[in-house]
Protein chains: 2
Amino acid sequence: MTTKKRITLREVAEAVGVHVSTVSRALGPNTRHLINSDVVEQVIRASRQMDYRRHAAAYSLKTNRTKTVGVIVPDITNAIFPPMIRGIEDSLSTAGYLAIVGNTDGDNERERTLLDTLVGRGIDGLILASVERKDDVFDLAASESIPIVTVNRRPDRDSVHSIVHDESEGVRRALTHLVSLGHRRIAMIAGPQTLSTGAERYAAFVQSRSSLNLDSDESLVAFAQAYNESAGEHCVEELIAAGHTFTAILCANDRLAVGALAALSRRNLICPKDVSVTGYNDMPMVDRIDPPLTTIRIQQYRMGFEAGSMLQKLMNGESPAQVVVLPVELVIRSSTARVLDGR
Amino acid sequence: MTTKKRITLREVAEAVGVHVSTVSRALGPNTRHLINSDVVEQVIRASRQMDYRRHAAAYSLKTNRTKTVGVIVPDITNAIFPPMIRGIEDSLSTAGYLAIVGNTDGDNERERTLLDTLVGRGIDGLILASVERKDDVFDLAASESIPIVTVNRRPDRDSVHSIVHDESEGVRRALTHLVSLGHRRIAMIAGPQTLSTGAERYAAFVQSRSSLNLDSDESLVAFAQAYNESAGEHCVEELIAAGHTFTAILCANDRLAVGALAALSRRNLICPKDVSVTGYNDMPMVDRIDPPLTTIRIQQYRMGFEAGSMLQKLMNGESPAQVVVLPVELVIRSSTARVLDGR
DNA sequence: CTATATCATGCAAACGTTTGCAGACAAGAA
DNA sequence: TTCTTGTCTGCAAACGTTTGCATGATATAG
C-alpha cells in the first residue's frame, strides 16, 4: 500500500551515471544508435529494474504528439460498433497508440463538443464512424488539419480517406437471392438518405431492380428516418397502409429488419411464409432471433482494423490508398423462403 | 484547409495586455476570485474569441492530473458493457473527465499490460468491470494508490469500493417464479466461480432452493467455465448426460441461457413446453430471440453512472459509501411456462 | 500624514521530456 | 607530428502551464 514514486529520466540517469539526454536517447529506438551499445544496455537494464515509465504528458508537451487517436461513433450501444472498435484498437495498439472513443447519439451539437474535447486533448488522428453525407463536423475536423479516416460511411466529398463495403454488391446479392426464390414484388425499407450507406443501398436497389426486370413501383419503398427497430416497424406499417402487395422486404439494415419482423407478426403476417425479409450487416444475435435472419455480412472487425492502419500511415506522412472497399457476403438463414404459389 | 495554429496563454495575455499568470488565474474557476472582475471579463472574452484551448499535456505536466480515467472491461463486444460504459462516460463528462476503455479478453497478461499503459498515461482513477475474486491485477492497481472502483463484480477483499446488484434477490426471484409455475426439479447452470457474480448467484441458488424446500441434488448444477453461449450449450449436454430429469434450468447469465436454448433445441427439447429457462442480465435482443427469454433485469447504465460518480468522489478526496447495491427486477417472457402434468 | 492592511497583478521556477549544438576523445591519414 | 574525421556524450533551451512569493497600488486606521 506504499505510494509508489514515479521514476524520472533524471533518476535513472543518476543511477547509471550518465546525463539525462543520454538516457533519453538510449531509450528511443530511433536515437539509440547514437549511443554506445553497452551504455544502451546499462540504461535499459536500469530503467527496467527501476520500473521507469516515460511521463506521457511531458513527452506530449515536448513533441506535440499524444499517441492518441479519437474515435467517434454514433452509439457504442449499437452492436455494429464494438467489433469495429476492437479492430481499431488492435491495429492502433501495435504502434503504441491509444483510442478514445466517444458517442454522438446522432446529435450534431454533441458531436461538435466531443470533437472539441478531443482536439483539446491533442489527438494525433481521428476516425469517424458517424459521418453524414454533408457533415460540417467533418469539415471542422478537416480544417484542424489532423489526419482523418472515415469508416463504414463517407461524406459526399472527394479526397477523404475511408474504409467502406461494397454496398451495391451487397444489395445486388440480397435481391438476386430473393428473386431466385420466386419473388417479384419486393419492397425495400431504405435507410436515412443523409447517410452514404442509406443512399448507396437505395441507389443499388433501384439499379438492381431494373437490371433484374422487376416491377419498379416507387411506392414499394419506405424511407426510414433512422437505423433502428421502431423506424423499421413504422416503415412496414407505411408499406401496408399504401395498400400494395409484396412478398418480400429488403431492409437496409438489420435493426430495421428486426423492427419489420415485429410489425409483421403484430399484423399476423408470418415470416417467411407470408413475407420474406432480409437484413444488412449481420449483427450479433441476429442468427438467434425468430426467424433467424437472412442478411448481408459485413466485416466489422476488419473494417476497424483497416481504418486503424490507414490512419497510422496518414499520421506517418505516408499516402495510403484513398479508399478501400471490402467485400460482403450473403448469409442465408430462415427469414427468406420460396414464394407461395397463389401470390 | 489552412493549418490552424494553437493559441497559448502567452498570446491571449499579450492580446489583453496582462501577464500570462493573470490569464491563467482568470480562466481557472477556483482562482478567478483573485483577479479584478473586469480583467476576468476581458480575458474570458479574448480567450473565447481567439479560440484558446488549454494545452492538456502542459496542464498535466504541471498539475500531475490528466482528467482521464481508465475503464477496463472484459470485452466491449459483450452487450452488457456498452450501456455501462455510456453510464460511466456520462457521469464523468459532467466534470470534464474522459474515459479510456480497454479490453482484457479475460487474459490476465493482457490486463496487466493494459493497466501499465493506463497508469503510464497517468490516469486519475480506474474503473474495473473485469475484476476476479482474487485478482492480482487489482492488487497491482491498488498498490499504485490511484482511486479504484469495481463495477458489477467485486474481489474477495474488504475495503474496495464497488457498485453491484442484489444477486441473491435476483436468483431468489427467478427461482420463486419457476416454483410458482409448478417446477420442482430445477437445474442450474452456474457461472465461473472465480467471479463474484458466479459465486454469489450459485450460493443464492443453494440457499433459496433449500428455503423453498426443493430437491437439492448437487448433480443438478453444472458449472460453466465462462459466461458465453458455448459454455451454456456444453452445460446442458452435461446435465442431460448426468441422466437426471429436470423441468427447468436457471442460468447464471443470459449468454449461458442462449447457449442452453440452442442445445435444448438440438436435442429436440422444446422450450418452454419441455423445459423452462431463465437468464440473467436482460441484455439487448434477448427479448427477440426464440423464445423471448424470461430473465433478471439489471441496471447496466445506472451501474456505470453510479460508478462514475463514486469514482469522482474518491478522486476529490471525499469518502463515498463503500459499496452500493442496486435492486434487480424479474421480467417474465416466454421461455418459462407452467410445468406439464405428467412430469 | 504616516503606518498598515488588503487587493490585484507580475515574476520566475518548476513539471519531465526531446533535441540542436558543441565539445571531448580516439583513431586514421598525411 | 598534426590535421581530419567520426563517434559518443553533455549542455541547455524549450514545450505551455500552474503557483508560491514578491511587489505595487489603494484603502483604512491610528
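So that the names make sense, note that chain A is the first sequence line, chain B the second, and so on, each numbered from 1.
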hbond_proxy Arg53(A) side chain to dG16(C) base (donor-acceptor, 3.5 Å cutoff): no
Closer than 4.0 angstrom, basic N to acidic O: yes or no for Arg112(B) and Asp136(B)? yes
Modelled atom types, side-chain donor and acceptor of Tyr227(B) and Asn78(B), under 3.5 Å: no
Taking for each residue the nucleotide of DNA chain C with the nearest heavy atom, is it Ala58(A) or His33(B) whose nucleotide lies nearer the 5' end? His33(B)
In whole angstrom, what separates Glu11(A)'s CD from dC15(C)'s C1'? 13 Å
Applied to residues 14-30 of chain A, the salt bridge (Lys or Arg N to Asp or Glu O under 4.0 Å) test, sequence neighbours excluded, yields Arg10(A)-Glu14(A)
To the nearest angstrom, the CZ-P distance between Arg10(A) and dC15(C) comes to 8 Å
Nearest whole Å is fine: how far is dG16(C) P from Lys62(B) NZ? 9 Å
Quiz question: going by heavy-atom distance under 3.5 Å, is there a donor-acceptor pair between the base of dG20(C) and the side chain of Arg25(A)? yes
Between atom CG in Asn64(B) and atom P in dT19(D), what is the gap in whole Å? 11 Å
If you look at every strand shown and take non-hydrogen atoms under 4.0 Å, does Val20(A) touch a base, only sugar-phosphate, or nothing? base
Give the angle between the helix axes at the two ends of the helix from dC1(C)-dG30(D) to dA30(C)-dT1(D), taking five base pairs at each end and rounding to 10°. 60°
Arg32(A) CZ: over 12 foreign heavy atoms closer than 6.0 Å: yes
What contact category does His55(A) fall into here, base, sugar-phosphate, or nothing, at under 4.0 angstrom with non-hydrogen atoms? sugar-phosphate
Over all strands shown, is Thr63(B) touching base, sugar-phosphate only, or nothing at heavy-atom distances under 4.0 angstrom? sugar-phosphate
Quick one: do Asp105(A) and Arg110(A) satisfy salt bridge (charged side-chain N to carboxylate O under 4.0 Å, His left out)? Show the steps, please. CA-CA 8 Å; Asp105(A) 293 323; Arg110(A) 229 184 114 102; 3.7 Å; yes
Would you say Tyr59(A) places a side-chain N or O within less than 4.0 Å of OP1 or OP2 belonging to dT19(C)? no
Using whole Å, what does the distance between atom P of nucleotide dA22(C) and atom NE2 of His19(A) come to? 17 Å
What contact category does Thr8(B) fall into here, base, sugar-phosphate, or nothing, at under 4.0 angstrom with non-hydrogen atoms? sugar-phosphate
Side chain Arg154(A), main chain Val160(A), donor-acceptor under 3.5 Å: yes
With the side chain of Leu61(B) defined as its heavy atoms from C-beta on, choose the nearest nucleotide among dG10(D), dG16(C), dT18(C). dG16(C)
Write down the distance between CG (Leu27(B)) and C1' (dT9(C)), rounded to a whole number of angstrom. 16 Å
Would you say Thr68(A) and Arg121(B) are linked by a side-chain donor-acceptor pair, where the criterion is simply a distance under 3.5 Å? yes
Counting only side-chain nitrogens and oxygens, does Ser24(A) get under 4.0 Å of the OP1 or OP2 atom of dT17(C)? no
To the nearest angstrom, how far is Gln42(B) atom CD from dA8(C) atom P? 15 Å
Can you tell me how far P of dA26(C) sits from CG of Asn36(A), to the nearest Å? 13 Å
Considering every strand and a 4.0 Å limit on heavy-atom distances, what is the contact class for Ser21(A): base, sugar-phosphate, or nothing? base
I'd like to know if Lys134(B) pairs up with Asp139(B) as an ion pair, taking the criterion as any Lys NZ or Arg NE/NH1/NH2 lying under 4.0 Å from an Asp or Glu carboxylate oxygen. no
